[in-house]
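Accompanying notes for the structure given below.
Computation of the quantities below employed the complete heavy-atom set of this structure, encompassing side-chain atoms and omitting hydrogens, waters and symmetry-equivalent molecules. Both counts, for ligands and for their atoms, begin at 1 and track the order of listing.
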Amino acid sequence: MDKLIIEGGVPLQGSIQVSGAKNAALPILMACLLAEGKVSLTNVPRLADIRTSLKLLNILGCETTFEDNAATSLCTGLKPEAPYDLVKTMRASVLCLGPLLARLGEAKVALPGGCAIGARPVDLHLRGFERMGAEFEITEGYIKGRCKNGLKGARIALDFPTVGGTENILMAAALADGETEIENAAREPEVVDLANFLNACGAKITGQGTSVLNVKGVSSLIGCDYRIMPDRIEAGTYMVAAAITGGELEILDCPFQDLDAVSYKLREMGVWLQEEDNYVLVRRANGLLENVDVTTLPHPGYPTDMQAQLMALMCFGTGIGTIEEKIFENRFMHVLELVRLGADIRLKGRTAMVKGVGSLKGAPVMASDLRASASLVLAGLAAEGTTTIERIYHLDRGYENIEAKLSGVGARIKRVAG
Ligand code: EPZ
C-alpha cells in the first residue's frame, strides 16, 4: 500500500486550485440513472470514489466515459442490482436506491455496512421511500425494494437532516407521481448542487438550501451538461494548510460562501482570510493562533468533514480548545495518531480537548478514514522532521493530486509505493 513521506517545517507559498466536489459529484453521478438522455459533467474530480461510481453505473446499465475531468453517462438498459463487492468499497453507492425505485419500480442494493467513523445506517432513507409507497425487505445483506404501482409524492419529515437521505429521497421524488415535500431536509451546498442538476434535467425542485424541499414529480428527465461545484472541504483543508505552516496561499475557485462556519472559526483562531474575485488569500494574521471551542453540526453549522483538520491546527494554537463531534459517533480516529506526533488531546465521550503544544515531531502514523488522513498530512506539513503516513488510499478517495498540489506551493512531500 502506498504511503506519503513529508519533511515538515516549510511555510507554504503560492496558489492551489480547488477541484470539483466529491460529495456533489457522487450523488449527481447516481442521478444520471434518472435521465433518459446523455449527461455530460465537467469539473469532475479524478478520485477513487468517482471511478467506483462510474463502475456502478456500468453495472446498472449505463455507458460511461471519464477523460481528464469530464464524465459522461448514457443509460441504455437499466438493471436493478448493486452488488456487495462494489457497495462495500463505497457507502455512497446506496444513493442508487432512489433512482432505481423511480425508474424501475424495484432495486436490490447491498447494505452498505458501517465504516470507520460510525454505523451510518440508512433507516431514514428507507422510511422516506416507504412514505412514497415503496416496500422493503432486508435479507442476505441486501436491501430489496419494490413499489408495484410506482412512487407517489408524499410529505416526508426527516428525524435528522441526513445528507444522503435527503439526496436519495429527492432523486426518487423527481419522478414520483404527484408532489413531495421533504421537511428537515439537509441544507448542505452539495444537496443544492444535486437539486440544481436535477432541475437542469427537467425536474421541478424548489427550496434547495433551506430545510423544506418541494418537488413536483415529472414523467421523465432528459440528459444535460453540468459543471460540478468546487469542493468546499478540499478548499477548507488547504486554508488550514496555509495557517498550520505559517505560510500564505491563494485558494483558487474557492466556494467561500459555502464556508462561513469554517472561516468564522479560523478567524476566531487568528487566521486572516481575504476574499478576492476568484480566489481567497489565507495566512496567519499575526503569527499566533488562539484555540477555540467548536461543535460539528448540519450545514450551515461547522462541518464534520472539517473537524479533523481543525484539530490538527489546534495543536499549534495556544490554550485549550474543545471539539464536540455531534454528527458521527466515532470520528476521532485521528486523535491517537496526532498524539503519536506529540499532540496533547484528551477524549471525553464525543468531545476532544486539545491543548496547544506549539510544535509536533514527525513520526510514522496511519490513516484510518478520509478526513483523518487529511489531518495527518496537515500535521506532517508543520511538524519538525519526517512524517510517514500509511494507508493513504483513504486520502485518495477525496483529494485529487494532493501531493502535486502541495509540492507546487513548496511542501516536501512524496508518495512511495508500499
Ligand atoms: C455525507 O454522508 C457525506 N458523504 C459525508 O462526507 C459527510 O460527513 C456527511 O454527509 C455529513 O455531512 C457524501 O456526501 C458522499 P448523513 P452521509 O446521512 O450522507 C445518521 C467525507 O468525509 N443517519 O448526513 O452518510 C448517520 O449515522 C464524508 O467526505 C442515520 O442515523 O451523512 C450519521 O451519524 C464522510 N440514519 C448522521 O446521520 C440514516 O438513514 C449523518 O449522516 C442516515 C443517517
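Scanning all protein heavy atoms for the shortest distance to atom 32 (O) of ligand 1 gives F328 CZ, 4.1 Å. At the top of the distance list for atom 18 (O) of ligand 1, counting protein heavy atoms only, stands T162 OG1, 2.7 Å. The nearest heavy-atom contact from the protein to atom 15 (C) of ligand 1 is N23 OD1, 3.4 Å. Here the protein heavy atom with the shortest distance to atom 17 (P) of ligand 1 is R120 NH2, 3.8 Å.
Shown here, atom 20 (C) of ligand 1 is out of close reach of the protein: none of its heavy atoms lies under 4.0 Å off.
No donor-acceptor pair under 3.5 Å is formed between the side chain of R397 and the backbone N or O of D49. Judged purely by atom type and a 3.5 angstrom limit, R412 uses its side chain to pair as donor or acceptor with the backbone of G8.
Remark: ligand 1 atoms within the under-4.0 Å shell around heavy atoms of L370 are 22 (O), 29 (O). Below 4.0 Å from some heavy atom of G164 lie the following atoms of ligand 1, by number and element: 18 (O), 19 (O). For ligand 1, the atoms lying closer than 4.0 Å to a non-hydrogen atom of K22 are 21 (C), 29 (O). Shown in contact with D305 at under 4.0 Å from a heavy atom are these atoms of ligand 1, numbered in order with element: 5 (C), 6 (O), 7 (C), 8 (O), 21 (C), 22 (O), 28 (C), 29 (O), 35 (C). Of all atoms in ligand 1, listed by their number and element, those nearer than 4.0 Å to a heavy atom of I327 are 33 (C), 34 (O), 37 (C), 41 (C). Ligand-side atoms of ligand 1 in range of R331: 8 (O), 22 (O), 35 (C), range being under 4.0 angstrom from any heavy atom.
The OG atom of S53 sits 8.0 Å away from atom CG of L86, with the distance rounded to the nearest 0.5 Å.
Of the polar atoms of P161, none of the N or O atoms is found under 3.5 Å from an N or O of ligand 1, judged by distance alone. Residue-to-ligand polar distances keep T304 apart from ligand 1: every N/O pair is separated by 3.5 Å or more. Close N/O approach between L26 and ligand 1 is not found [any backbone or side-chain N/O within under 3.5 Å]. Some N or O of D123 is nearer than 3.5 Å to an N or O of ligand 1, by distance alone. For ligand 1, the polar-atom distance check finds no N/O of F160 at less than 3.5 Å from any of the ligand's N/O atoms.
The aromatic rings of Y226 and F197 stand perpendicular to each other, their planes meeting at an angle above 60°, with 30° marking the opposite boundary.
Nearest heavy atom pair, residue G37 against residue L74, reads C-CD1, 3.6 Å. Between R371 and N23 the shortest heavy-atom distance is NH2-ND2, 4.3 Å.
Contacts with ligand 1 closer than 4.0 Å are made by heavy atoms of both the backbone and the side chain of H125.
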Check against side chain to side chain contact (heavy atoms under 4.5 Å, CB included), N69 and S19: CA-CA 9 Å; N69 290 95; S19 300; 5.8 Å; no
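Heavy-atom neighbours of K38 NZ from other residues, nucleotides or ligands within 6.0 Å: at or below the threshold of 12.
The closest approach between R371 and ligand 1 falls below 4.0 Å for a heavy atom of the residue. Ligand 1 has no atom lying under 4.0 Å from any heavy atom of M306. Contact annotation: E167 has no heavy atom less than 4.0 Å from any atom of ligand 1.
Of the candidates V163, L124, V94, it is L124 that places a heavy atom closest to atom 40 (O) of ligand 1. Compare G128, P121, G165, P112 by their heavy atoms: the one nearest to atom 43 (C) of ligand 1 is in P121.
Between D344 and R346 there is a salt bridge, with a side-chain nitrogen of the basic residue lying less than 4.0 Å from a carboxylate oxygen of the acidic one. Contact check on K414 versus E403 returns no salt bridge, with no Lys/Arg side-chain nitrogen under 4.0 Å from an Asp/Glu carboxylate oxygen. Using a 4.0 Å cut-off between charged nitrogen and carboxylate oxygen, E248 and R283 count as a salt-bridge pair.
Between E400 and the options K22, R51, R46, a salt bridge (Lys or Arg N to Asp or Glu O under 4.0 Å) holds for only R46.
Using a 4.5 Å heavy-atom cutoff, the side chains of R284 and L289 are in contact.
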